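Report on the following structure.
Quick caveat, the model's predicted, so the values are computed rather than measured. Below, chain A is the first sequence line, B the second, and so on; all start at residue 1. Every heavy atom of this structure was used, including side-chain atoms; hydrogens, water molecules and symmetry mates were not.
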Amino acid sequence: LGIDLSPVLHSLGIHPNSVYRRKVLDTFQSPWVETSRSEVEPRFFTPD
Amino acid sequence: TNKERMYLVFTEWVKLLQRVPSDDVGVLVFIRQMVSKGVLDQSDKLIEFCKAAIELSVNSFKESDPTSEVFIAIDAFSTLIVKLLCLLDFSQSTRKEYFEIIFSTITLVFSEDQAKNGNNFNERPYFRLLSSLLCEWEYLRGHNFAKIKDARARKELKEFEEQFFEVFASFLHAYQPIAFPGFSFAWITLLSHRMFLPRLLRLPDKKGWPKLLLLFSDLLKFMGQYTKKSHVPDAISVVYKGTLRIFLAVGNDTPEFLVENHYVLLNYLPMVYMQLRNIILAAFPKKLSIPDPYDPNLEIEKTELCQDAPLIFYDPVQDLKNLKKPVDNYLRIPTTSLMRTISSGVYLNEYERENGIGYDKTAVDVKLINAIVLHVGIEAALEKEKTSANAIFNTESSYYTILTNLITEGTTEVKFYVVQAISNQLRYPNAHTLWFNYVLKNMFTSNEWGDNKAEIQEIIIRTLLERIITNKPHCWGVIVTFTDLLRLNDESLADLSFIKDIPEVELIVRNL
Amino acid sequence: ENDAFRNPLFQPQLEYWLQTKRPLIQPYEDMPVSMASQLESSLLNCPDSLDADTPHLFQTPLSLPHPTSIFFPNETIRLVSSDHSNPPTQSKHNDIYSRTFLARIMSKFDLDTLFFIFYHYQGSYEQFLSARELSHRGWQFNKVNRCWFYKEVEKLPPGMENAEEITWRYFDYQKSWLARRCGAEFVYREEEFERI
């Protein structure tokens, strides 16, 4: 039957009702919440 | 010994990187000297050096105080790999070959480590090696390789990027959980790595998609193989949780990947994973504004979006095997003998295990049935564009009859899988959803089934219901189709005998 | 016949590699005990977000001498992710960084702090985020003199000759560590400014 996905989406930083959709894969810490306790440095570029 | 000398050189490299930034000229000079002084001037030496470097790095991890910096040597090795790919002269061999040699060496050391250590094998240093490799590559290629000043080198590296990810993905495919169970959780983490998954999703011309499909298939196959009705190992439950989150993230960032590859993904996804199946099928292209499927005034035939056929990345025609000609010929000119060939061609020679709800094995080639149904749908939508809607919204058309004949001439199992395959196309508003909605509605009310009518109706209701009673998301096309069936004047669903037989189901139907 | 099998450098490890192919070709019906325990072991050692973080072998020292620098740690603080309860509100700054803790906390930092991070943590992710935040606040970076500039537009009361008065400010990071007004001779040249 599956589960209520709201908390799962919340843990991913996905807000389905928000008008603004933000990408989450670029800051994805880990497939599991338990191993996502610190944020990871995403890609970035600094001009010379 | 030779090995000890390599240990020394590598140790110097590690120390150097801790003293200067990786862009420093000293780093460039060090690498130049590695080549000129004969450390890395031939591929055999490259293999020996990499072996020594990995062994040293992994041992360094194992022996380090866990609270200290345990990955220094490993990170240094990752940096070395990317620097070599960037700085060396590749007139004799290609970057791809060079990268493959390095990766092969890593693979052999990795294989030996896990074989010899069994349960004591620790995946973390190898995970870190690959993760840092991805990070170093990202640092190099930032802003389309803007850091590379030499124009020719920049051009070469841009061209190499696709191969970089292809090689990485190929080796990741070889490290899949079925082959290396001791690396499973690291593997899943790598597949969803922020420097890997979004890059492959967004490579130009969808170049990364075939490899991603392969990797997702590996994951789903693994899950499927060890999901038993009687018992799901705890570890597999955890795998599922992670897989769910990854699919939700992909659905958020790049729903097109799920939309265009639903056929492939569902071929490997065990059917008991109903919610995950719905997540894949409920995906829709980003800019689309979907009408409310619960709107009582909604008429699917008048929904504008249903004029457009969905994009399909992997053409199911490739999976039709020896039925391709009969199917295509039948669609052009339907004959009984062609139909007989098709109907008899969907069976397996041996049973296959399949953990379904109410069954545990299959005698039919489910993948083949999925391919036939989707192929017919694709052709029907094309036919509509070429000629007219009447050519396909017509119970006499070969597009419709090929499906009804499969059902008439097939066992209950075939009927079930054909209906499942049709329902898999009831997704967001598009031309396939529209046509298959028509097909299913007509199948439900048709009187050509004779004594089999109740059985077919039951299969249709079961198939749609099991997709609706799960937690969300639900597919737009399934909701609309089920609503259409609920609204039928001539046949009230709640009065059907197979519904009345099970009070819980009768209650659900009456409520709906 | 394959070359790989004839290369002595690949022996004996190739054997171990080949063994892993067996379950792919002939899947087990039920998970063997050995596989189950390897899977458990993998679960126990599951890499976490720290394992997946970007490596930094060379720790950049503070890039410029600064009188208060002794009060600031050399290491960046490993910020722990807090809950993502607030849905995105600003559409203008809706990039991949906007939902990270570090970017959100920087939006609360003083200009002073942002400039400090920018000039003293060169090449770092933190510098990048401070530049992003400054840019969001309307500051522009001059590639020539490496200063941040701000265009102040003041609406004048009706009846005045001009509708608005424009003043340019820049942050003097080299001497006074203050935002100063640009002199009357200042001319804005778009090509001198970095497009962020």
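Heavy atoms only, all atoms of each residue included: B/Leu108 and C/Trp17 are closest at CD2-CB, 4.2 Å. Between C/Pro27 and B/Gln225, the shortest heavy-atom contact is CB-NE2, 3.4 Å. Nearest approach of C/Pro55 to B/Ser132, heavy atoms of both residues: CG-OG, 3.7 Å. Across all non-hydrogen atoms, the minimal contact from C/Asp51 to B/Arg124 is OD2-NE, 2.8 Å. Of all non-hydrogen atoms in C/Phe10 and B/Ile47, the two that sit nearest each other are CE2-CD1, 3.8 Å. Heavy atoms only, all atoms of each residue included: C/Cys46 and B/Thr189 are closest at SG-OG1, 4.4 Å.
In this structure, chain C has no heavy atom under 4.5 Å from any part of B/Val70. Residue contact with chain C, scored on non-hydrogen atoms closer than 4.5 Å, involves the side chain of B/Phe222 exclusively. Heavy-atom distances place no part of C/Glu15 under 4.5 Å from chain B, backbone and side chain included. Neither the backbone nor the side chain of B/Ser22 comes within contact range of chain C, judged by heavy atoms closer than 4.5 Å. Proximity to chain B is limited to the side chain of C/Asn7, based on heavy atoms less than 4.5 angstrom apart.
Contact count versus chain B (heavy atoms, under 4.5 Å) is highest, among C/Pro47, C/Ala52, C/Ser37, C/Ser42, for C/Ser42. Interface summary for chain B: among C/Glu29, C/Glu40, C/His56, C/Lys21, the most heavy-atom pairs under 4.5 angstrom belong to C/Glu29. Interface summary for chain C: among B/Asp24, B/Thr79, B/Asp44, the most heavy-atom pairs under 4.5 angstrom belong to B/Asp44. Heavy-atom pairs under 4.5 Å with chain C were tallied for B/Ser184, B/Pro181, B/Cys135; the largest tally goes to B/Pro181. In terms of heavy-atom pairs under 4.5 angstrom with chain C, the leader among B/Lys116, B/Met195, B/Arg194, B/Gln114 is B/Arg194.
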May I have the step-by-step check of side-chain contact (heavy atoms from CB on, under 4.5 Å) for C/Met31 and B/Lys228, ending in yes or no? CA-CA 10 Å; C/Met31 197 187 287; B/Lys228 307 285 174 201; over 6 Å; no
Kindly indicate, with the supporting measurements, whether the criterion side-chain contact (heavy atoms from CB on, under 4.5 Å) is fulfilled by B/Tyr226 and C/Tyr28. CA-CA 9 Å; B/Tyr226 300 112; C/Tyr28 299 115; 3.7 Å; yes
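At least one donor-acceptor pair under 3.5 Å links the side chain of C/Ser41 to the backbone N or O of B/Asn119.
Summarising the geometry, atom CZ belonging to C/Phe58 is positioned 11.0 Å from atom CD belonging to B/Gln18; distances are rounded to the nearest 0.5 Å. Annotation: the span from C/Leu18 atom CG to B/Ser111 atom OG amounts to 9.0 Å, rounded to 0.5 Å. Annotation: the span from C/Tyr16 atom OH to B/Thr107 atom OG1 amounts to 16.0 Å, rounded to 0.5 Å. Distance check: B/Glu123 CD to C/Leu43 CG gives 9.0 Å after rounding to the nearest 0.5 Å. Rounding to the nearest 0.5 Å gives a distance of 12.5 Å between CZ of B/Arg19 and CG of C/Leu57. B/Ser104 OG to C/Leu9 CG: the interatomic distance, rounded to the nearest 0.5 Å, is 12.0 Å.
Remark: C/Gln19 CD is packed, more than 12 non-hydrogen atoms of other residues, nucleotides or ligands lying under 6.0 Å away. Dense packing is recorded around CZ of C/Arg137, with more than 12 heavy atoms of other residues, nucleotides or ligands lying under 6.0 Å away.
Using a 4.5 Å heavy-atom threshold, the side chains of B/Phe121 and C/Asn45 count as separate. Looking at heavy atoms from C-beta onward, B/Phe185 lies in side-chain contact with C/Leu39 at the 4.5 angstrom threshold. Proximity of C/Leu24 to B/Lys221: side-chain heavy atoms (C-beta onward) are nowhere separated by under 4.5 Å.
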